*Asks:* 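A single structure is presented below for examination.
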There are 2 protein chains.
Amino acid sequence: MELVYLTMIGHSDAVKSILKSGFLEMRSRQGRRVRDGFASGETPDRPNVAASSLACVGEAGGPSSASGLDAMTAAKLWENPCWLTYRLNYLALRYNVPLYNWVERTYGLSRPEYVVIYSLGLKDGALARDIASSSGFPQNTLSRAIQKLVGLGMIERTADDADRRCNVLRLTKEGRALFEQSLPRFVDFEQMMLEALDEDERKTLSALMAKLVVASTGWPGRIDPEENSQEKSER
Amino acid sequence: MELVYLTMIGHSDAVKSILKSGFLEMRSRQGRRVRDGFASGETPDRPNVAASSLACVGEAGGPSSASGLDAMTAAKLWENPCWLTYRLNYLALRYNVPLYNWVERTYGLSRPEYVVIYSLGLKDGALARDIASSSGFPQNTLSRAIQKLVGLGMIERTADDADRRCNVLRLTKEGRALFEQSLPRFVDFEQMMLEALDEDERKTLSALMAKLVVASTGWPGRIDPEENSQEKSER
DNA sequence: ATTGTATATTTCCAAATGGAACTTGTTTAT
DNA sequence: ATAAACAAGTTCCATTTGGAAATATACAAT
């Protein structure tokens with residue numbers, strides 16, 4: 001997935017963690033070789049597409065060459081009719097991989113497990129369903145994660161009297177401590193990512209992404225099997 | 001994943017597509033209930049963080065309420081100190097899930113398999129390593145995908161005489177046909193996503209994301225095990 | 001030349017994944 | 001009020017995943 005598995009997508013991520021650990025090895029300190037990991041949401045490419053998308057390709061420091069990116073990654077970033085979605089996935093992965101890898105090493109929690117923790121850190125007393133819909137993980141994966149976290153004493157699960165099907169989830173003191181201890185890593189990393197932009201640019205970016213998110217409620221969650229009657233090898 | 005899994009989360013993906021299929025069921029036609037899938041790259045949250053990130057929360061139509069998003073997704077989108085990365089993963093997943101699900105149904109190809117196809121569609125004659133580094137999928141996963149695609153006659157793999165370790169990958173005629181037939185779906189979906197923005201906004205968004213991508217070569221691919229000497233339960 | 005290190009790819013295998021079926025509980029419709 | 005439909009959560013199980021070791025080749029250094 002991830003992902004976001006990037007794919008998210010995810011699905012990345014993903015992407016899924018989709019997209020787990022060691023494939024992104026930028027030894028920034030030893031300063032030697034850099035390998036860029038990436039995952040989940042690939043986007044197809046071809047340098048001949050509607051002007052509106054191509055208008056953007058290659059600009060903005062789109063490093064015509066030498067920039068620490070290998071040729072294929074550079075092509076996907078700068079010569080891609082789907083520039084938006086590849087960049088979304090690329091940036092998501094550059095964030096997801098190091099952080100969830102750190103969570104795994106530091107706390108021994110998998111991605112779905114940590115997602116439960118921070119979802120409750122944000123909104124305590126939610127249901128597994130809420131975490132599923134906001135995270136994209138399937139319910140059975142979350143069910144297992146929740147069982148493990150209950151066993152670890154990080155969360156508690158109590159049946160809702162109003163609707164006995166529902167289990168209300170809450171962080172325990174230990175769970176909240178983990179959340180509050182780990183959160184700064186995530187915030188700091190994002191702030192580091194944003195250092196490339198000034199304050200106005202950050203606000204602009206936030207506003208533009210918010211516009212897309214708001215519009216996303218109108219996007220289909222599924223694409224029709226084969227809506228144009230081209231020859232299809234299926235069926 | 002998924003996610004990017006959001007993706008994956010992932011799921012994406014989410015998201016690894018991370019983050020595969022049926023959890024995103026927006027019946028936009030039958031017009032009834034909407035469930036938003038998301039995965040892979042979760043980001044922790046807390047409504048008290050450096051001003052620079054909070055400056056953006058809640059603005060831009062950040063739907064103070066009723067907008068088709070459930071409460072937890074809304075909280076993650078609009079009250080999240082890591083607004084950037086959650087939105088990245090969220091948007092990546094809203095793209096990855098329907099499209100890779102469509103690829104699966106239409107061509108019977110998994111995400112890594114399709115990623116090989118379109119990577120070569122973009123840059124033919126590449127190595128498995130190039131696809132790995134630009135996609136984030138581990139090499140063994142791609143190795144299996146490549147084997148299957150060779151068996152299907154979609155790609156051909158020839159040893160490089162200059163360096164016998166390397167296998168140069170190329171699309172066959174069938175592989176290229178699949179690429180060219182499927183590409184418009186990806187392009188069209190991205191264009192639909194961009195309909196929320198006018199031409200200037202698209203260029204601005206592209207430029208801002210490009211800035212982040214360029215800066216990303218300086219981001220660490222791994223976070224130090226425990227750099228602050230807080231009490232740690234590890235070891 | 002020869003040993004040691006690095007790289008491209010594949011294989012192995014334990015673990016995670018997720019679709020589908022199942023259980024339990026709630027709502028809707030007749 | 002009774003049946004059908006729906007929803008939350010769990011369990012089953014075949015498949016996929018990805019870390020690690022293995023293989024084969026290339027390059028570097030003594």
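Reminder, nothing fancy here: chain letters follow the sequence lines and each chain counts from 1. Just so you know, these numbers use all the heavy atoms, side chains as well, and skip hydrogens, waters and symmetry mates. What you see is a predicted model; the values in this text were computed from it and never measured.
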*Asks:* Let's see if you can work this out: which of D/dC13, D/dG18, D/dG9 has an atom nearest to the side-chain heavy atoms of B/Pro138?
*Replies:*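 From the listed options, D/dG18 comes nearest.
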*Asks:* Working to the nearest 0.5 angstrom, can you tell me the gap between A/Leu169 CG and A/Leu127 CG?
*Replies:* 7.0 Å
*Asks:* From B/Ile155 CD1 over to B/Ile146 CD1, what is the distance, rounded to the nearest 0.5 angstrom?
*Replies:* 5.5 Å
*Asks:* Run the side-chain hydrogen bond (donor to acceptor under 3.5 Å, both in side chains) check on A/Gln181 and A/Tyr107 step by step: do they pass?
*Replies:* CA-CA 11 Å; A/Gln181 189 189 19; A/Tyr107 301 109; 3.1 Å; yes
*Asks:* In whole Å, I'd like the distance from the CZ atom of A/Arg157 to the C1' atom of D/dG9.
*Replies:*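 Interatomic distance, CZ of A/Arg157 to C1' of D/dG9: 9 Å.
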*Asks:* Would you give the length of the straight line joining atom OG1 of A/Thr106 to atom CD1 of B/Ile223, rounded to the nearest 0.5 angstrom?
*Replies:* 8.5 Å
*Asks:* Please report the distance, rounded to the nearest Å, between CG in B/Leu169 and C1' in C/dT10.
*Replies:* 14 Å
*Asks:* Atom CG in B/Leu122, atom CD1 in B/Ile131: separation rounded to 0.5 Å?
*Replies:*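 If we round to the nearest 0.5 Å, B/Leu122:CG and B/Ile131:CD1 are 10.5 Å apart.
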*Asks:* Measure up the B/Tyr114 and B/Phe186 rings against each other and bin them: parallel (under 30°), tilted (30 to 60°), perpendicular (over 60°).
*Replies:* parallel
*Asks:* Check the interface with nucleotides 26-29 of chain D: list each N/O to N/O pair with the protein under 3.5 Å, or write none.
*Replies:*
unit_1, atom_1, unit_2, atom_2, d
D/dA26, OP1, B/Arg164, N, 2.8

*Asks:* Using whole Å, what does the distance between atom C1' of nucleotide C/dC12 and atom CD of B/Gln139 come to?
*Replies:*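 One finds 16 Å between C1' of C/dC12 and CD of B/Gln139, rounded.
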*Asks:* Taking the side chain of A/Thr141 as its heavy atoms from C-beta onward, which of C/dG18, C/dT11, D/dG9 lies nearest to it?
*Replies:*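 Ranking C/dG18, C/dT11, D/dG9 by closest atom to the A/Thr141 side chain puts C/dG18 first.
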*Asks:* State whether the side chain of A/Asn96 and the backbone N or O of A/Ala92 hold a donor-acceptor pair below 3.5 Å, judged by distance alone.
*Replies:* yes
*Asks:* Rounded to whole angstroms, how far apart are CZ on A/Phe137 and C1' on C/dA16?
*Replies:* 11 Å
*Asks:* Please state how far atom NZ in A/Lys148 lies from atom P in D/dG9, giving the value in whole angstrom units.
*Replies:*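 For the pair A/Lys148 NZ and D/dG9 P, the rounded distance is 20 Å.
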*Asks:* Give me the bend of the helix from C/dA1-D/dT30 to C/dT30-D/dA1, using the axes of the five pairs at each end, rounded to 10°.
*Replies:* 30°
*Asks:* Between the side-chain atoms of A/Asn140 and the base atoms of C/dG19, is any donor-acceptor pair under 3.5 Å?
*Replies:* yes
*Asks:* Measure distances between side-chain N and O atoms of A/Arg144 and base N and O atoms of D/dG9, and say whether any donor-acceptor pair falls under 3.5 Å.
*Replies:*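 No.
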*Asks:* Could you tell me how far apart A/Arg129 (CZ) and C/dG25 (P) are, to the nearest whole angstrom?
*Replies:* 18 Å
*Asks:* Do any side-chain nitrogens or oxygens of A/Gln147 fall under 4.0 Å of OP1 or OP2 in D/dT11?
*Replies:*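 Affirmative; the distance criterion is met.
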*Asks:* Calculate, to the nearest 0.5 Å, the distance between atoms CG and CG belonging to B/Leu88 and B/Leu93 respectively.
*Replies:* 12.5 Å
*Asks:* Whole angstrom is fine here: how far is it from CG in A/Leu127 over to C1' in C/dG25?
*Replies:* 14 Å
*Asks:* What is the separation between atom CG on B/Asp70 and atom C1' on D/dA7, rounded to the nearest whole Å?
*Replies:*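 Whole-Å distance recorded here is 15 Å.
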*Asks:* Distance check, rounded to the nearest 0.5 Å: B/Leu99 atom CG versus A/Thr85 atom OG1?
*Replies:* 8.0 Å
